[in-house]
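Residue numbering restarts at 1 for every chain, and letters A, B, ... go by the order of the sequence lines.
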Number of protein chains: 2
Amino acid sequence: MKTTLKDIAKECNLDISTVSRALSNDVRVKVKTKNIVKEVAQRLHYKPNLAARSLAAGRTKMIFLLLGSLEGTLERRAAGFGSSYINSKGFDLYISLHNSDPEVYQRQFERISLGLTDGAIISPNRQINSQVLYDNCLRDDIPVIFFDQHFENLKTPVVTSDNHNAVQQLITDCLKKGAKKFYVLFDDSNSVEKIRKKSSIQYLRKNNVPYEIVSSEKTNALKIQSLKRESIGIIGTSQGKIISFYKENKNYLSTQDLIFACFDHWIGSCYPSRNVVYAIQNYEKMISTAIDKIVEFTETKISIKSEIFKVPILEFKIIDS
Amino acid sequence: MKTTLKDIAKECNLDISTVSRALSNDVRVKVKTKNIVKEVAQRLHYKPNLAARSLAAGRTKMIFLLLGSLEGTLERRAAGFGSSYINSKGFDLYISLHNSDPEVYQRQFERISLGLTDGAIISPNRQINSQVLYDNCLRDDIPVIFFDQHFENLKTPVVTSDNHNAVQQLITDCLKKGAKKFYVLFDDSNSVEKIRKKSSIQYLRKNNVPYEIVSSEKTNALKIQSLKRESIGIIGTSQGKIISFYKENKNYLSTQDLIFACFDHWIGSCYPSRNVVYAIQNYEKMISTAIDKIVEFTETKISIKSEIFKVPILEFKIIDS
DNA sequence: ATGAAAGCGCTAACAG
DNA sequence: CTGTTAGCGCTTTCAT
């Protein structure tokens, strides 16, 4: 059965409060008493009840990380690195997934202000009005910071990559490698994709490069086709998206000279393209920034501001065939 | 400020206990009273404090999922599917990562029995004696089930893939595709790798197929090399491992006829091999089995048994070039 | 149908 | 240095 402070107090003939102090290394307790208490605690396999502690102390040292899924490299790495990083601050990170399900998202979001966490980092679901949920947390003084996704209409703090510059750099690299026209695979499925799409178009227009936007619904209708072999840049979010686009249009694309551009990583050789360029997002900086803000808030109670933290791309990589 | 039952009680001129009942839809409370209470609760933005509830009720409906990382397909998918699956049972899943760090692992493991979770599913770290940690949880009646990794010397419940059969089927497929000799890339880094290695060797021996075990430390010393072009099977845990092995031995391997075999997924074409065969583990079945067991335990308090649940492979896929 | 009261396990004043 | 006391917010008997 569960050992409590009471059990230890009885065993030591001390008051429960002294035991509590002894275990939290309070300077007021005699060293000798401390030792006895600690030894008894160990012998009885004492473990503090965090729910009780939280109730009494008003904090849990737990931070919540709510993500859509773990399929993206950024989110995966952020989760992995964030766990370690937060540990070094004496906190714990609890990750939860909403799988882009609005109901789950809302439910998880609401759980934040239920007394078990001191704050949260959230990669939002765009189908839901996060502002309401965010305001809920604010009202209860629970700090929340958004991660990766950024909605212009929301008054919330956000940590995000500098997607605008990233995309333009990727296109520049493709152009250097000889790309003469582009397929842009970004869609409108979330705010990151939107920004990337918008920036791509803006930059391609500015440079007078022909392009076609290919949303995932109507991939088979490639307009810009020509019989002669050309150098084509294909830019999209991930290796997976690019590869499946390629497969769907293999007949045409396999006859062309291709240059792929995407984010975060590329596994294997650049085949069937001639070159792959990709932008590695600085997930460490992103998640640590978010964590720093949250922790700072819980320790100082100075209110969190509705700021945008744009984190530059970590590195641009080029794979040659 | 935080609204509590007390605030609602005051506002409604009711006792706090009636409010509590009304909000939990207790049949004893008059419908009219219930409606009033609920309306006031909403107006005051009432949210229950889970720590307090947990303390009073003795359960949290939270299950802990402790994983090494999210880099593996199995773990990622299990986390994703598990979150949804457990929601349908009225529970929540909290994922935490130990990044193969023994200290973090121990710390997270110990957190399980700290009163915030009703149970846990754990992908263990082999550097740590999990038995002790497991016994700790048992003593406090916290159900724990191990996931994926299986240690023969531990008396614990475990859900794992049928790796033995999986490996033999993969090898069979390679042989059918013409493989005449093998490189086995499994190592001893964890219990799954160990079983896969052992089963590979056993099966290759039985079928008199020449093979070489290539641990990641000494990859450059390939023994079985010949000048003539041969059909070579390369079997390992993931696409990543196989590709990096290939790269390290490109001079020799690029002249050979290759067949790759691995687990869970393969992105892109099978190039530079002729065929890729891979075994998709049934992560849905694995995680749902684990969740079912944990939930069953928390609801019935019937003690969890030290059983092994072997989940068969979901599907074997073959990619042709 | 509602209220009163005990208590879950712990922390944190306040005494002494 | 240690004990006493009063909660934290909620659930749950036991009365009425």
request  = Give the rounded distance in Å between these two atoms: CG of B:Leu50 and P of D:dC10.
outcome  = 10 Å
ask   = Is it true that a side-chain atom of A:Asp135 and a backbone atom of A:Arg139 form a donor plus acceptor pair closer than 3.5 Å?
value = no
ask   = Parallel, tilted or perpendicular: which describes the rings of B:Tyr85 and B:Phe81, with under 30° parallel and over 60° perpendicular?
value = parallel
task = Quickly work out the A:Leu23 CG to C:dC10 P distance and round it to whole Å.
result = 9 Å
task = Apply salt bridge (Lys or Arg N to Asp or Glu O under 4.0 Å) to B:Glu71 and B:Arg76, showing your working.
result = CA-CA 7 Å; B:Glu71 296 303 314; B:Arg76 212 161 60 233; 5.8 Å; no
query = In terms of side-chain heavy atoms, does B:Tyr283 have a donor or acceptor partner in B:Thr73 at a distance below 3.5 Å?
reply = no
message = By nearest atom, which of the nucleotides C:dG9, C:dC10, C:dC8 is closest to the A:Tyr46 side chain?
response = C:dC10
note = note: A:Lys34, atom NZ; D:dT2, atom C1'; distance rounded to Å ~ 14 Å
query = Looking across every strand, which nucleic acid part, if any, lies under 4.0 Å from A:Ser54 by heavy atom: base, sugar-phosphate, or nothing?
reply = nothing
B:Leu44 CG - D:dG9 P separation (whole Å) = 15 Å
Between protein and nucleotides 12-16 of chain C, what N or O pairs are separated by less than 3.5 Å?
from	atom 1	to	atom 2	distance (Å)
C:dA13	N6	A:Arg21	NH2	2.9

request  = Output the single nucleotide from D:dT11, C:dG9, C:dT2 whose closest atom is nearest the side chain of B:Leu5.
outcome  = D:dT11
ask   = Side chains of B:Thr60 and B:Asp118: donor-acceptor distance under 3.5 Å anywhere?
value = yes
message = One pair to check against salt bridge (Lys or Arg N to Asp or Glu O under 4.0 Å): A:Asp26 and A:Lys34. What are the steps and the verdict?
response = CA-CA 9 Å; A:Asp26 195 303; A:Lys34 272 190 205 173; over 6 Å; no
task = Please state whether the phosphate of D:dT2, meaning OP1 or OP2, lies under 4.0 angstrom from any side-chain nitrogen or oxygen of A:Lys30.
result = yes
message = Quick check: on DNA chain C, is the nucleotide nearest A:Ala52 upstream (toward 5') of the one nearest B:Val29, or the reverse? Name the residue that is more 5'.
response = B:Val29
remark   = In whole angstroms, the gap separating P of C:dA1 from CG of B:Asn35 amounts to 14 Å
ask   = Rounded to whole angstrom units, what separation is found between the CG atom of A:Leu14 and the P atom of D:dC1?
value = 14 Å
key: Inter- and intrachain pairs under ring-ring contact (aromatic ring centres under 6.0 Å, His included), touching residues 37-73 of chain B, at least two apart   = A:Tyr94-B:Phe64
ask   = Does the side chain of A:Thr4 get closer than 4.0 angstrom to OP1 or OP2 of C:dG9 through an N or O atom?
value = no
request  = Send over the distance from B:Lys6 NZ to C:dA5 P, rounded to a whole Å.
outcome  = 15 Å
request  = Specify the residue among B:Leu55 and B:Asn13 whose closest nucleotide of DNA chain C lies further upstream toward the 5′ end.
outcome  = B:Asn13
ask   = Once you round it to whole Å, what is the distance between P of D:dC10 and CZ of A:Arg53?
value = 21 Å
task = Assign A:Ser24 to base, sugar-phosphate, or nothing according to its heavy-atom contacts below 4.0 angstrom with the strands shown.
result = nothing
